[in-house]
Structure formats: structure tokens, C-alpha cells
Amino acid sequence: MKLLINETFNIQDIMECGQAFRYVKLDQANYEIIAFGKRLRVSQDGNEVAFTCTEVAFENLWEAYFDLKVDYQKLQKDLVAMEPRLEKYIDKKPGIRILKQEPFEMMITFILSQNKSMPQIMKLVNRVAENYGTKLEDQWGTYHVFPRPEQLSLVSEEAFRALKVGFRAPYLVDAISKVMDGRVDLEQIEVLPTDEARTMLLQVKGIGRKVADCILLFAYHRMDVFPLDVWMKRAITSLYFAGDKVSDQVMLKKAEETFGQLSGIAQQYIFYGTVEGME
DNA sequence: ATCCAGGTCTGTT
DNA sequence: AACAGACATGGA
């Protein structure tokens with residue numbers, strides 16, 4: 001199906017701004033995405049975006065996945081009012097949207113992300129999916145969906161190490177076990193206040209504040225979180241503390257004061273506009 | 001070869 | 001509460 005949309009949708013920027021890991025770039029305006037057990041192709045020609053799915057599937061799934069109910073023009077305007085210096089980042093990449101991705105996949109993905117570069121994260125995530133995810137077939141051939149918790153619960157720490165996840169192997173095992181027995185309830189997190197949801201995620205060995213906030217932002221669409229990675233630390237200290245070193249707590253407080261309920265998307269505009277090699 | 005990567009854990013001060 | 005190393009692996 002096709003859709004007409006404004007400049008707040010750019011498929012290249014949406015996919016490549018650092019939130020998605022299971023996609024294939026076919027060309028600059030044509031992406032293949034695996035999510036929610038399906039494979040979708042999206043091609044964009046200016047304001048016209050074509051999705052290889054039915055209207056029903058679009059309304060049931062992809063509309064929410066691409067966050068199309070949210071008015072990003074208003075959101076951008078509100079952000080600039082909060083912090084005028086954000087305008088240059090927004091103008092650079094106005095087509096970013098925060099995807100609503102699967103919680104379990106985001107949890108595993110961001111555990112794997114620590115101390116890895118973007119291309120390496122993608123390799124690890126795809127390796128996990130190709131080894132343990134259900135194999136399906138569609139018009140373009142076979143593909144692997146991201147494995148469910150039950151599927152990964154059968155994987156040993158040694159088997160994860162064989163996939164070259166390194167020291168993250170025991171972290172994965174701990175996370176999967178806690179999801180399986182409900183100590184981390186991914187459905188309940190959906191309805192918990194952000195701080196309680198974060199506390200639940202932090203029970204997992206290998207999930208710290210930054211990874212927890214990435215899960216909350218990219219799976220649960222919690223716009224009030226601000227994943228504080230090395231890039232954000234540089235940006236915040238530069239913008240607000242004249243480059244001086246301050247504690248994480250102080251940086252997070254400043255981000256919260258400045259961006260409030262729009263912290264998550266603010267973070268993403270800054271991230272994509274700041275990270276080297278992400279043009 | 002050495003350093004670093006969308007961090008976190010485990011000690012020490 | 002703040003700081004240092006360790007941690008696996010691969011790419012520059």
C-alpha cells in the first residue's frame with residue numbers, strides 16, 4: 001500500500017539513526033525490514049512511501065511500528081521552544097521517527113550493544129536470529145525472524161560464546177532466564193511507570209542504566225528517557241557545562257530539566273546529528 | 001601492534 | 001559517591 005506523508009518521514013534516516021538493527025539497505029530510498037515476525041519492504045519517493053503490505057496489516061502493525069499517529073512537526077516545534085540549539089540537529093534530519101520495536105528483541109539487542117560499534121551490533125543480532133529464530137519464506141526467499149524467549153532459553157552460555165558474543169554471553173543467559181520465569185515481565189513493563197519499569201530491567205546482569213533506557217525508548221516508546229551514552233555525554237557537557245566533567249546524575253538531571261517528556265526524541269536527533277560516520 | 005567500540009560489573013579509595 | 005580495570009571480539 002502507499003501513503004502520502006510530509007518531511008517528518010524519511011525511511012533512510014529512520015532506519016539508520018541507530019535504533020534499528022535488522023534491516024537491509026537495498027538503496028538509498030528502499031529498505032527491507034524484519035520485525036514482528038514479518039518482512040517488509042519500504043520504498044520512498046519524496047512524499048510518497050510504499051509499503052509491501054496490505055492496508056489491514058498496515059493499520060494493525062506498521063502504523064504503530066513507524067509511530068505514524070504522532071505529529072512530529074508539533075513535537076519538533078515544541079523541542080525547539082525548549083532548546084533553540086536543537087534546531088540545527090532537527091533541520092539536518094527532520095525525518096527521524098522513534099520506532100516501536102519488540103521488547104524482547106530490544107532487550108537482547110542492547111545487551112549485545114555494549115562496547116560494540118553499530119555494524120558489529122548488527123552482525124551479532126543477525127547471527128542470533130539466523131541461528132535460533134524461526135525460518136520463514138516469502139516472495140523474496142527465506143529469512144529468520146528474531147527468536148522468542150522460549151527459543152533462546154534453550155541456548156547455553158557456551159553456545160552463545162560460539163556466536164562470538166564474548167563476555168555478554170552470561171548476560172544474555174541471565175536476561176532470558178528472568179524473562180522466562182517472569183522476574184522481568186516484559187508485558188507488565190508496558191503499563192508500569194518509567195522508573196518502576198527501569199528498576200525491573202536493571203535486575204538483569206548486563207543491563208545498566210543506558211541499556212535499560214534504550215529498551216524503554218525503542219520498545220516501549222518512553223519519550224521521557226534519555227539514554228546517556230558516550231555521545232550524549234559529550235553533547236551534554238559541551239552544551240551545558242562548557243565541556244567540564246560532571247557526573248552522569250548531573251547530566252541526566254539537566255537533560256530531564258531541558259527536554260522533559262520529549263527527552264527520548266531529543267536524544268535521537270542529537271545522536272544522529274553527532275555520531276561520526278552516520279551521515 | 002595498539003586502541004577503541006550506543007557499557008557494565010567488580011573491586012578500591 | 002567517584003574512579004580504575006577487566007571483559008571478548010573485530011575493525012581501523
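This one's a predicted model, so the numbers in the text were calculated from it and none came from an experiment. Quick note on labels: first sequence line is chain A, next is B, and so on, each numbered from 1.
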### Separation of the P atoms in B:dG11 and C:dA8, to the nearest angstrom
15 Å
### Query
When the distance from CD1 of A:Ile207 to P of B:dG7 is rounded to whole Å, what number comes out?
15 Å
#### Entry: Length of the line joining A:Arg198:CZ and B:dG7:P, which is rounded to integer Å
17 Å
### Query
Which part of the nucleic acid, if any, lies within reach of A:Phe160 when heavy atoms closer than 4.0 Å are counted: base, sugar-phosphate only, or nothing?
nothing
### Query
B:dG6 base to A:Gln268 side chain: any donor-acceptor pair below 3.5 Å?
yes
### Query
A:Phe271 has a side chain; which of C:dC7, B:dG6, C:dG10 sits nearest to it?
B:dG6
### Task
Please figure out whether A:Leu202 or A:Pro227 has its closest DNA chain B nucleotide nearer the 5' end.
A:Pro227
### Query
Whole Å only: how far is the CE atom of A:Met122 from the C1' atom of C:dG10?
16 Å
### Summary
Regarding the side chain of A:Val211, the nearest nucleotide among C:dT9, B:dG7, B:dG6 is B:dG7
### Message
Please evaluate residues A:Phe271 and A:Phe226 with respect to the criterion ring pair (Phe, Tyr, Trp, His ring centres under 6.0 Å), reporting the C-alpha separation (whole Å), side-chain torsions for both, the decisive distance (0.1 Å), and the verdict.
### Response
CA-CA 11 Å; A:Phe271 180 79; A:Phe226 191 88; over 10 Å; no
### Summary
By nearest-nucleotide position on DNA chain C, the 5'-leaning member of A:Gln249 and A:Tyr171 is A:Gln249
#### Entry: Protein-nucleotide distance (A:Arg234, atom CZ; B:dA5, atom P), rounded to Å
6 Å
### Query
Strictly by modelled atom types, are A:Arg183 and A:Ser177 linked by a side-chain donor-acceptor pair under 3.5 Å?
yes
### Donor-acceptor side-chain pairing of A:Tyr72 and A:Asp67 below 3.5 angstrom
yes
### Task
Identify, between A:Gly206 and A:Phe218, the residue whose nearest nucleotide on DNA chain B lies closer to the 5' end.
A:Phe218
### Task
Would you indicate what A:Val250 reaches in the nucleic acid, counting non-hydrogen atoms under 4.0 angstrom: base, sugar-phosphate, or nothing?
nothing
### Query
Hey, what do you get for CD (A:Gln101) to CG (A:Leu217), rounding to the nearest 0.5 Å?
9.5 Å
### Message
Nearest whole Å is fine: how far is C:dA8 C1' from A:Arg161 CZ?
### Response
8 Å
### Task
Please state how far atom CD1 in A:Ile270 lies from atom P in B:dG6, giving the value in whole angstrom units.
17 Å
### Task
State whether the distance check finds a donor on one side and an acceptor on the other, under 3.5 Å, for side chain A:Lys116 versus base C:dT9.
yes
### Query
Given C:dA8, is OP1 or OP2 found less than 4.0 Å from the side-chain N or O atoms of A:Arg168?
no
### Message
Under 6.0 Å from the ring centre and within 45 degrees of the ring axis: does the NZ or CZ of A:Arg85 meet both conditions for the six-membered ring of A:Tyr240?
### Response
yes
### Rounded distance in Å between the P positions of C:dG5 and B:dC4
14 Å
#### Entry: Selected nucleotide, minimal atom distance to A:Phe167 side chain, candidates C:dA8, B:dG6, C:dA2
C:dA8
### Query
Could you state the CG-C1' distance from A:Leu112 to C:dA8, rounded to the nearest angstrom?
12 Å
### Message
Give me the distance, rounded to whole Å, that separates B:dC3 from C:dA6 when you measure between the C1' atoms they each carry.
### Response
16 Å
### Message
I'd like to know if the side chain of A:Thr52 reaches the main chain of A:Arg41, judged simply by a donor and an acceptor atom lying under 3.5 Å from each other, with no hydrogens or angles considered.
### Response
yes
### Query
To the nearest Å, how far apart are A:Asn115 CG and C:dA8 C1'?
9 Å
